[in-house]
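Counting convention: from 1, in listed order, for ligands and their atoms alike.
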Amino acid sequence: MKRGICTVIHHHDVLIIGGGLTGLRAALRISDAGLDGAVVSKVHPLRSHSVAAQGGMNASLGNLEGEGGTKDSWKSHAFDTVKGSDYLADQDVVERMCREAPTAVIELEHMGMVWSRLEDGKIAQRPFGGAGFPRTCYAADRTGHNALHTLYEHVVGRKISVYEEFFVTSLITEGGRCIGCTALEIMTGGVHGFLGKAILMATGGFGRIFNKSTNALINTGDGQALALRAGGLLKDMEFVQFHPTTLYGTNILISEGARGEGGTLLNKDGERFMERYAPHSVDLAPRDVVARCIEQEIAEGRGYDGGYVHLDLRHLGVERIVERLPGIRQIAMDFAGVDPIQDPLPVQPGQHYSMGGIDADINGETKLPGLYAAGECSCLSVHGANRLGGNSLVETVVFGRLVAEKIIEDVANAPTPNDTQAKAAIRGINDRIEGIIRREGGDRFVNVKDAMTTTMSNKFGIFREKRTMQDGLNEIKKIQEKISYVSFQNKERKVNQALVRFLELENMLLLAESVARGALAREESRGSHTRTDFPERDDRNFLKHTLVGFRDEKMFVSYQPVTLGTFEPKERVY
Ligand SMILES: Cc1cc2nc3c(=O)[nH]c(=O)nc-3n(C[C@H](O)[C@H](O)[C@H](O)COP(=O)(O)OP(=O)(O)OC[C@H]3O[C@@H](n4cnc5c(N)ncnc54)[C@H](O)[C@@H]3O)c2cc1C
């Protein structure tokens, strides 16, 4: 038998690729329906990036009053989300999420999730950027940790199959329908086949194509690349969120919860500069606005040497910092040697979130029959051109459940795939992997990866412009050629991390190109996409979603209308 060939083909009703909040929430719903769902994940589910989420999850529970004693509602949540998205979000999808958000939070509560509490015992809520009410439910600054552990306990309790440390390498299609995937078992180096009547992609974001990122190293956008190669489309890839406050030097996230609790941004003159840019919301304007303002302060010489400003928490007092922001304090002390109780934190913007992703409709259905997508890897589109803080966690659990419900409906009539295509796909992937491992010479992996991340940060950062972006795209095309010659020393199949990193890099380079092409084609400024050569939002020509796909081995760009609704596009004032 050839090295690495594994004859095992696993059969399940539904395959869920990804063990983060989206994947686990979907797995539980599928199990509720009596179906055999299996989670396939390249890391142990508890190491999924969701575990790192800090600040909280938005839902209009209305546990605290807004200005003048007003009460929150799903409609206010929807309005803030659409306005925050710079009117690019699909309003039917936003409405669905905001209506379902309170149920999703209470569901987690009933599953045993520990939330922070108000004095009256209700779930605590804090103000977040771009939100008209204190709407963000939280568990100190470890919300993702608590939520993921809660869901995982239920997955274990119900004995749902989890294939952990299986790296999905391709989607298997038959007659234009997605019927499964191949995956490298990292421990043994064997390639397995997985077949199902429906496949849910829940593989998270692709932040690691940039060099200054808050994302875990595993956020390499594999799912988006797999979908693209199998004939799916990616939507709005140019909209990349830069979080205003990442720790200077390491770019570890300093949650918006810190400003939600009352933290303030100061330039090197000690000025609370956000008062100038956003007189009403000040430090709690949406992320695209605050990140741009910080960059501008730094560019105009009002930042500190090296490129950062200060986030001051000292006035919150010891008790509040220790109780509500314990993780942030620890991160600051460990990684910057600064205790926020005594000193302000040095912060700068860093890549944080991918608004774009696999093009899917309100039910998570993609253009490839049999393939569904939800969570950060998808673009349904809830966040449009800019995501509000706290809206991603709620998206994962709301659409994890809702897309699973659509799958449950659809698999009743879906064909049962047979093994023929899977066997051929396993052989194909195995040969490819052997070819990669046996290569000698060429560039070093790390140089190629650094070239990509530096190009993306320098040429497709917060401020963008045609000539620089065209240079960036040319660079990315050259780097894509280089990767065909990259080799590494480890020639083993077992636990070959170099091989996994290489496969991820191939995926990342594809996504880098899709961001570049989308950004070049969008000749306007909207949300996180700021063109210095086209500084205005242009609703007449660009109130539409960008799509990228492959035709004849080439990436193409096209467009699709935005679903509008109650909220008419207006100028955003904060
Ligand atoms: C530091 C940080 C803090 C954040 N805080 C908040 C917050 O407070 N509130 C909020 O709303 N949002 C927050 N976000 C965003 C939010 O956490 C994420 O968008 C969300 O958790 C993504 O969940 P997910 O289920 O889509 O994917 P993930 O949790 O990223 O899970 C992806 C899964 O896919 C698997 N996978 C990926 N590729 C493969 C492959 N090739 N083969 C097999 N498996 C694969 C991984 O193993 C993993 O299990 C934060 C983001 C960051 C970076």
Side-chain angles (χ1 to χ4, degrees), residues 15-26 39-59 101 126 128 136-145 147-148 151-152 162-171 181-186 194 200-208 213-216 218-226 241 243 245-247 251-257 260 287 327-328 331 350-355 357-358 373-378 382-383 387-397 399-400 500 503-504 506-507:
L15 297 177
I16 300 147
I17 308 179
L21 282 172
T22 312
L24 297 192
R25 184 66 194 90
V39 175
V40 185
S41 175
K42 69 178 176 179
V43 296
H44 186 283
L46 291 178
R47 297 179 70 93
S48 300
H49 189 66
S50 292
V51 84
Q54 298 176 348
M57 186 181 289
N58 292 344
R126 56 168 54 126
F128 247 48
T136 307
C137 310
Y138 60 95
D141 52 7
R142 298 177 182 128
T143 313
H145 179 102
L148 195 64
L151 293 187
Y152 184 65
V162 178
Y163 297 88
E164 65 201 38
E165 303 199 347
F166 276 74
F167 182 91
V168 173
T169 38
S170 69
L171 292 177
C181 65
T182 59
L184 173 75
E185 185 182 14
I186 297 172
F194 291 85
L200 171 60
M201 197 63 88
T203 46
F206 58 84
R208 279 287 154 181
S213 173
T214 62
N215 283 203
I218 56 170
N219 277 18
T220 53
D222 305 331
Q224 294 86 326
L226 290 166
Q241 179 161 83
H243 196 289
T245 59
T246 77
L247 201 60
N251 300 108
I252 300 172
L253 181 72
I254 302 298
S255 166
E256 196 164 290
R287 292 175 178 176
I328 292 300
I331 286 168
Q351 188 287 338
H352 181 60
Y353 185 81
S354 329
M355 267 77 73
I358 302 168
E376 191 173 342
C377 73
S378 70
V382 181
H383 313 296
R387 171 177 77 90
L388 293 188
N391 263 356
S392 172
L393 286 189
V394 76
E395 180 192 15
T396 64
V397 284
F399 286 103
V500 175
L503 296 170
E504 289 173 340
E506 281 189 325
N507 292 336

Counting from 1 in the order shown, the ligand 1 atoms closer than 4.0 Å to a non-hydrogen atom of Gly390 are 9 (N), 10 (C), 11 (O)
Min over Gly20, Gly19, Gly56 of heavy-atom distance to atom 7 (C) of ligand 1 lands on Gly56
What do you reckon, does Tyr353 have a nitrogen or oxygen under 3.5 Å from a nitrogen or oxygen of ligand 1? no
For ligand 1, which atoms sit closer than 4.0 Å to a heavy atom of Phe167? 41 (N), 42 (N)
If only atom types and distance count, is the side chain of Gln241 paired as donor or acceptor with the main-chain N or O of Arg387 below 3.5 Å? yes
Honestly, for Val394 the part within reach of ligand 1 (heavy atoms, under 4.0 Å) is neither
Working to the nearest 0.5 Å, report the span between SG of Cys137 and CZ of Phe128. 10.5 Å
Report the nearest protein non-hydrogen atom to atom 27 (O) of ligand 1: residue, atom name, distance rounded to 0.1 Å. Gly204 CA, 3.4 Å
Does ligand 1 come near enough to Phe128 that some N or O of the ligand is less than 3.5 Å from an N or O of the residue? no
Check: Thr246 side chain, Thr214 main-chain N or O, donor-acceptor pair, under 3.5 Å: no
Quick check against the 3.5 Å criterion: does Gln224 have a side-chain atom that pairs as donor or acceptor with the backbone of Gly205? no
Report yes if some heavy atom in the side chain of Leu148 is under 4.5 Å from a heavy atom in the side chain of Val51; otherwise report no. yes
Judged by heavy atoms only, the candidate from Arg387, Arg47, Gln351, Arg142 nearest atom 14 (N) of ligand 1 is Arg387
Take Gln351 and Asn219 through the test side-chain contact (heavy atoms from CB on, under 4.5 Å) and record every step on the way to the result. CA-CA 12 Å; Gln351 188 287 338; Asn219 277 18; over 6 Å; no
Got the closest protein heavy atom to atom 26 (O) of ligand 1, with its distance? Glu376 N, 2.9 Å
To the closest 0.5 Å, what do you measure between OG (Ser41) and OH (Tyr163)? 13.5 Å
For the side chain to side chain donor-acceptor pair (under 3.5 Å) test, which of His383, Glu376, His243 pairs with Tyr353? His383
Report yes or no: does a heavy atom of Phe166 sit under 4.0 Å from some atom of ligand 1? yes
For ligand 1, note which part of Thr396 has a heavy atom under 4.0 Å away: side chain, backbone, both or neither. side chain
Could you check whether any heavy atom of Gly223 sits closer than 4.0 Å to an atom of ligand 1, since that is the contact criterion I want to use? no
Going by the order shown, which atoms of ligand 1 are within less than 4.0 Å of some heavy atom of Val168? 40 (C), 41 (N), 42 (N), 43 (C)
Just which atoms of ligand 1 are under 4.0 Å from any heavy atom in Asn215? 53 (C)
N-O pairing of Lys42 and Glu504 below 4.0 Å: yes
Which of the atoms of ligand 1 are close to Ser48, meaning less than 4.0 Å from one of its heavy atoms? 29 (O), 31 (O), 48 (C), 49 (O)
Let's go through Leu253 and His352 carefully: what are the C-alpha distance in whole Å and the side-chain angles of both, what is the deciding distance for side-chain contact (heavy atoms from CB on, under 4.5 Å) to 0.1 Å, and is it a yes or a no? CA-CA 8 Å; Leu253 181 72; His352 181 60; 3.7 Å; yes
Which one of Leu253, Asn251, Leu388 has a non-hydrogen atom at the shortest distance from atom 1 (C) of ligand 1? Leu253
re atom 53 (C) of ligand 1, the protein heavy-atom contact at minimum distance is His49 NE2, 2.6 Å
Atom 5 (N) of ligand 1: of Gln54, His44, Gln224, the nearest heavy atom sits on Gln54
Main chain of Leu151, side chain of Arg25: is a donor-acceptor contact present, judged purely on distance under 3.5 Å? no
Protein contact to atom 8 (O) of ligand 1 [nearest heavy atom, distance to 0.1 Å]: Gly55 N, 2.7 Å
Short version for Ile218: what comes under 4.0 Å of ligand 1, heavy atoms counted, is neither
Distance from atom 24 (P) of ligand 1 to nearest protein heavy atom, with residue and atom: Thr22 OG1, 3.4 Å
Would you say that Ser378 contacts Met201 through its side chain, given a criterion of any heavy-atom pair below 4.5 Å between the two side chains? no
Check ligand 1 against Asp222 and write out every atom of the ligand that is under 4.0 Å from a heavy-atom position of the residue. 38 (N), 39 (C), 40 (C), 41 (N)
Can you pull out the closest protein heavy atom to atom 35 (C) of ligand 1? Residue, atom name and distance to 0.1 Å, please. Gly18 CA, 3.6 Å
Just to confirm my output: which protein heavy-atom neighbour is closest to atom 6 (C) of ligand 1, and how far is it? Ala53 CB, 3.5 Å
Could you list the atoms of ligand 1 found under 4.0 angstrom from a heavy atom of Thr214? 1 (C), 53 (C)
Could you check which of Ile254, Thr203, Val43, Val397 puts a non-hydrogen atom nearest to atom 37 (C) of ligand 1? Thr203
Between Arg287 (side chain only) and Glu256 (backbone N and O only), is there a donor and an acceptor less than 3.5 Å apart? no
Test your reading of the model: is there a side-chain donor-acceptor pair from Thr203 to the backbone of Asp222, 3.5 Å cut-off? no
Nearest protein heavy atom with distance in Å, relative to atom 47 (O) of ligand 1: Ser41 OG, 2.8 Å
What is the distance from atom OG1 of Thr245 to atom CD1 of Ile328, rounded to the nearest 0.5 Å? 7.5 Å
Assess Thr143 for proximity to ligand 1: is some non-hydrogen atom of it under 4.0 Å away? no
At a 4.0 Å threshold, what atoms of ligand 1 neighbour a non-hydrogen atom of Ala202? 32 (C), 33 (C), 34 (O)
Can you spot which of Thr169, Val168, Leu226 makes a side-chain contact (heavy atoms from CB on, under 4.5 Å) with Thr182? Thr169
Quick check: His352 and ligand 1, any N/O pair under 3.5 Å apart? no
Between Ile17 and Phe194, is a side-chain contact (heavy atoms from CB on, under 4.5 Å) present by the stated rule, with each step listed? CA-CA 11 Å; Ile17 308 179; Phe194 291 85; over 6 Å; no
